[in-house]
Amino acid sequence: MMAQHIQNQQIPKETILRVREQLYACRQNMRAHVHSFGCQLNVADGERIRGMLELMGYTFTDTYEDADLILFNTCAVRESAEDRVYGILGNVKQYKKKNPSLVIVLCGCMASEDHTVEFVRTHYPFVDIVFGTAALSQFPELLLEHFQGKKFAWDTGEYDSMYDAIVPSREHPFKASVPIMFGCNNFCTYCIVPYVRGRERSRLPEQIIGEVRQLVQDGYKEIMLLGQNVNSYGKDLETPITFAQLLRQIDAIPGEFVVRFMSSHPKDATPKLLDVLLDGKKIGHHLHLPVQSGSDNILRAMNRRYTVEQYLEIVSYLRQRNPDFSLTTDLIVGFPNESTEDFEATLKLIQQVQYDNIYTFIYSKRRGTKAAEMEDVTSDDEKRQRMEQLLSLQRRIAEEHNQRFIGRVLRVLVDGTSKREGYLMGKDNAFIIVEFPGDESLIGQFVHVRITGARNWAVDGILVD
Ligand code: SAM
Ligand code: SF4
Ligand code: F3S
């Protein structure tokens, strides 16, 4: 059984020290190349893996050539994500031939599927270590076993109660993500995540709040709270707390920062939560609310547990109180048996909602899920056409929708330089991309920008302070 909640246990410090000694005995200055695929939760796990590697004495490199250890933190959400990893694994084999002491590690969601571990073992025998998403804290132990001569060290067990004890090595200088819960209980019929990430486990609120407080003190300006379904946060804790209550406490932390979060499930978007989003001072006026389809038939077959009408009620609640409230979504095209009428209902929905952005995916059959047993009648060509139709409609909607900002002044967190020479890019409170001329010294700061033009993916402006 997974731990009921995530406790503050000790990181395996002794093991880490033993690996460190082992490494120093062989060679100084060991370099690791860490690549995380998939969602932001996986990237956050990758930062914790980097944290452990740092403690073990590794530094980091961007290239395979310079690496003594290559680690792939993988994603299994679509077939294309898995194929990409297999392609890359095929490519790194040559580096192992040149440098037999190179350590190759595979972890993350793919490494939590038994059939994948078996496949890797037989087809990519040069992979040294494999561990699943709930065995993150076992990595130092596995590395030690490898250095002690174990041919294939692997662990897909469940230990992630240690998560809080692992200090991440953060890659971004002013944006930080904070996982608040792990796993998913929803079992949408197309989705592999509940199988590779286990059931919902929430971190304790005091640990989350402590981490956010520290990040703000350290100068981080954007805090992204992460979970597969953040608005079911806290239900599994001994002293239950809602996501709305957690957000209110984070909103009250002193300092200059913006809070974002993802993802939210429409079935758990309570009016109390929506009120916190509308009233919060530091919470972005943006909600990523994956709808997946605009057809009730398909939503039912997907086991999403809401109707289009219920979804639209959430949208109108938000937009009545704040007509500018920004909404983004995920959509799947070509779910088994999606008819032309079902697809047209999705087109209608995106027109009704007026999303600021949509993330569209062609349905991908995932072994072990319920939908994998359903007959898939739509051709690949038809699916691609539907996807293109959705995207071109969205481009038109976004360009028109973005006009609402012209003449207004937006508060923007400057992310970095734009491709246009002399221009900067950032995001406003509602996650709208803003491009404007400015000096690089402003990166990482909040500035005010008067909006002068609108495109389908961004708005343009000039600095006003
Ligand atoms: N937990 C989030 C939610 O419920 O909205 C989403 C998590 S999932 C990692 C991100 C997105 O991938 C989903 O919203 C869905 O649109 C897409 N996705 C998941 N499984 C898929 C599949 N088998 N084929 C295509 N897209 C898929
Ligand atoms: Fe997957 Fe559904 Fe869970 Fe999101 S809510 S992770 S789509 S099963
Ligand atoms: Fe992929 Fe795992 Fe995230 S399957 S999308 S990396 S939870």
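Both counts, for ligands and for their atoms, begin at 1 and track the order of listing. This chain uses plain numbering: 1 for the first residue, then up along the sequence. The analysis underlying the following values was restricted to heavy atoms, covering all of them including side chains, and did not include hydrogens, waters or symmetry mates. Keep in mind that this is a model prediction, so the values were computed, not measured.
- Closest to atom 5 (O) of ligand 1 by heavy atom, among Pro290, Ser264, Ala76, Ala81, is Pro290.
- In this structure, of Gly108, Cys109, Gly38, the residue bringing a heavy atom nearest to atom 2 (Fe) of ligand 3 is Cys109.
- Looking at Tyr363 next to ligand 1, no N or O pair under 3.5 Å apart turns up.
- Regarding atom 3 (Fe) of ligand 3, its nearest protein heavy-atom neighbour is Cys39 SG, 2.3 Å.
- The nearest N, O or S atom of Cys188 is closer to atom 2 (Fe) of ligand 2 than 2.8 Å.
- Residue contact check: Gln228 has heavy atoms under 4.0 Å from atoms 7 (S) of ligand 3.
- Ion pairing of Arg384 with Asp381 is present here, as a side-chain N (NZ or NE/NH1/NH2) and a carboxylate O approach within less than 4.0 Å.
- In summary, the atoms of ligand 3 found under 4.0 Å from a heavy atom of Cys75, numbered by their order in the structure, are 1 (Fe), 4 (S), 5 (S), 6 (S).
- Regarding atom 4 (S) of ligand 3, its nearest protein heavy-atom neighbour is Ala76 N, 3.2 Å.
- Compare Pro266, Ser364, Pro194 by their heavy atoms: the one nearest to atom 22 (C) of ligand 1 is in Ser364.
- Residue contact check: Ile362 has heavy atoms under 4.0 Å from atoms 24 (N), 25 (C) of ligand 1.
- Distances from ligand 1 to the non-hydrogen atoms of Arg304 include at least one value under 4.0 Å.
- From the protein, the heavy atom lying nearest to atom 12 (O) of ligand 1 is Arg78 NH1, 3.2 Å.
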